[in-house]
Structure formats: structure tokens, C-alpha cells
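Here is the structure we will look at.
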Amino acid sequence: MMDKLDRQLLNRLQTGIPICEYPFQVIANELSCTEQQVIDKLQKMLDSGLLTRFGPLFDINEFGGAFTLVAMQVPSEDFDKVTAIVNQFPQVAHNYQRQHQFNMWFVIATEKTDEIVDIITQIESLTGLRVYNMPKQEEFYVGLYLPV
């Protein structure tokens, strides 16, 4: 059960986190509570599963890196083996199984643009399967806000 501060905190967090030395203190001041209350509330929401993730989202392009969405057609009998191979790369994130002929989808994020091709080549070599690279064509901003 959420209390008033839980709701205020969730609503406030959806609008962004201050980029400063003490972001939780800034939020606490806005919500008329203490920094420790903000931290404790966040931890409680994570522990209870109310929040499944709390962390920064970086625009890797701003840092000079690159990312791309890729897909693979993995035989069902090899799916676990291929998943283990793909997931061994620290550049791989968000690896999902889909009910589609392209049944494995993941993101490759690298520090440098030319590393994308290298990672794809390595995955193809290790799995014997083709990796379909689908780089971003255009970026859209969706300002999703769900007041609670």
C-alpha cells in the first residue's frame, strides 16, 4: 500500500532526477521530507517489487559510443546454448525471447561505433547463426508520465 509520500515520490521521479552532488536531497527538499526518507522509500519500493528498476538511462551517442538492436533466428533446441554465448558479451543488454521467426532480440552497446560490427561478427562466428543488425534510423522522444 502506497502512502502520500510514495505517490509524491513516484510522480516526482517520473520527471527526472537532478544532476547534482545530492539529487535525493534536492528531491527531499521538494517533497518536504528527508534525504534518508527518499532513499528508504526507493529501496522499499525496489525490495517489494513495486519498482523493478531504478537507475540512469544514458544516451550512448552523447558519449561517443553506439548501440543497435539486433535479432536472430535461433533453433528452439539451441536457444539456451545461444543465449549463454550471446550474454557472455558485456556489450549485450536486454536480451529477450520472442514468439516469432526472429526469436532472439537484444541490444548491443559499444564505446565506439565500429565495435558493433566486431561484436556481431564474433557472435555469428561463435553461434554459427546470422545476426540481423537493425540500427536506429530516427529517434523519437516519448515523454511518458503516469501520475499515481
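Reckoned from all heavy atoms, side chains included, excluding hydrogens, waters and symmetry mates. The first residue of the sequence shown is numbered 1, and numbering continues consecutively from there.
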Heavy-atom check, side chain of [X] versus side chain of [Y], under 4.5 Å:
X	Y	answer
Val70	Thr68	yes
Trp105	Leu69	yes
Ile17	Phe54	yes
Gln88	Leu126	yes

When rounded to the nearest 0.5 angstrom, what is the spacing between [atom1] in [X] and [atom2] in [Y]?
X	Y	atom1	atom2	value
Gln8	Lys41	CD	NZ	10.0 Å
Thr121	Glu115	OG1	CD	12.5 Å
Ser48	Gln43	OG	CD	10.0 Å
Ile108	Ile123	CD1	CD1	4.5 Å
Lys4	Leu9	NZ	CG	13.5 Å
His100	Gln97	NE2	CD	13.5 Å

Over 12 non-hydrogen atoms of neighbours within 6.0 angstrom of [atom1] in [X]:
X	atom1	result
Ile19	CD1	no
Gln101	CD	yes
Lys81	NZ	no
Gln73	CD	yes

Checklist line | Side-chain donor-acceptor pair present, Gln99, Asn103, cut-off under 3.5 Å | finding: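 No - no donor-acceptor pair under 3.5 Å links their side chains.
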Nearest heavy atoms of [X] and [Y], plus distance in Å:
X	Y	result
Val26	Cys20	CG2-SG, 3.7 Å
Pro23	Pro18	CB-O, 3.3 Å
Asn133	Ile116	ND2-CG2, 4.1 Å
Ala71	Met134	CB-CE, 3.4 Å

Margin query: Is it the case that the side chain of Gln25 and the backbone of Tyr22 share a donor-acceptor pair, with hydrogens and angles ignored and the cut-off at 3.5 Å?
Written below: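 No, because the side chain of Gln25 does not come within donor-acceptor range (under 3.5 Å) of the backbone of Tyr22.
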Check: Would Met72 and Thr127 count as a side-chain contact (heavy atoms from CB on, under 4.5 Å) if you check the C-alpha gap in whole Å, the side-chain angles of each, and the deciding distance to 0.1 Å?
Finding: CA-CA 10 Å; Met72 296 176 68; Thr127 64; 3.7 Å; yes
Item checked: Residue pair Asn29, Glu35: steps toward the side-chain contact (heavy atoms from CB on, under 4.5 Å) verdict -> CA-CA 8 Å; Asn29 292 343; Glu35 178 182 35; over 6 Å; no
Notebook entry, point to check: Going through the checks in order, is the side-chain contact (heavy atoms from CB on, under 4.5 Å) test met by Asn95 and Met104?
Noted result: CA-CA 7 Å; Asn95 189 354; Met104 181 180 285; 3.2 Å; yes
Item checked: Thr113/Phe67 under side-chain contact (heavy atoms from CB on, under 4.5 Å): CA gap, chis, key distance, verdict -> CA-CA 8 Å; Thr113 303; Phe67 65 92; over 6 Å; no
Check: What pairs of residues pass the ring pair (Phe, Tyr, Trp, His ring centres under 6.0 Å) test when at least one of them lies in residues 121-148, not counting sequence neighbours?
Finding: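 Output for this query lists Phe102-Tyr132.
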Next item on the list: Given salt bridge (Lys or Arg N to Asp or Glu O under 4.0 Å), test Lys44 with Asp6 step by step and report yes or no.
Entry: CA-CA 10 Å; Lys44 185 177 176 184; Asp6 291 332; 5.7 Å; no
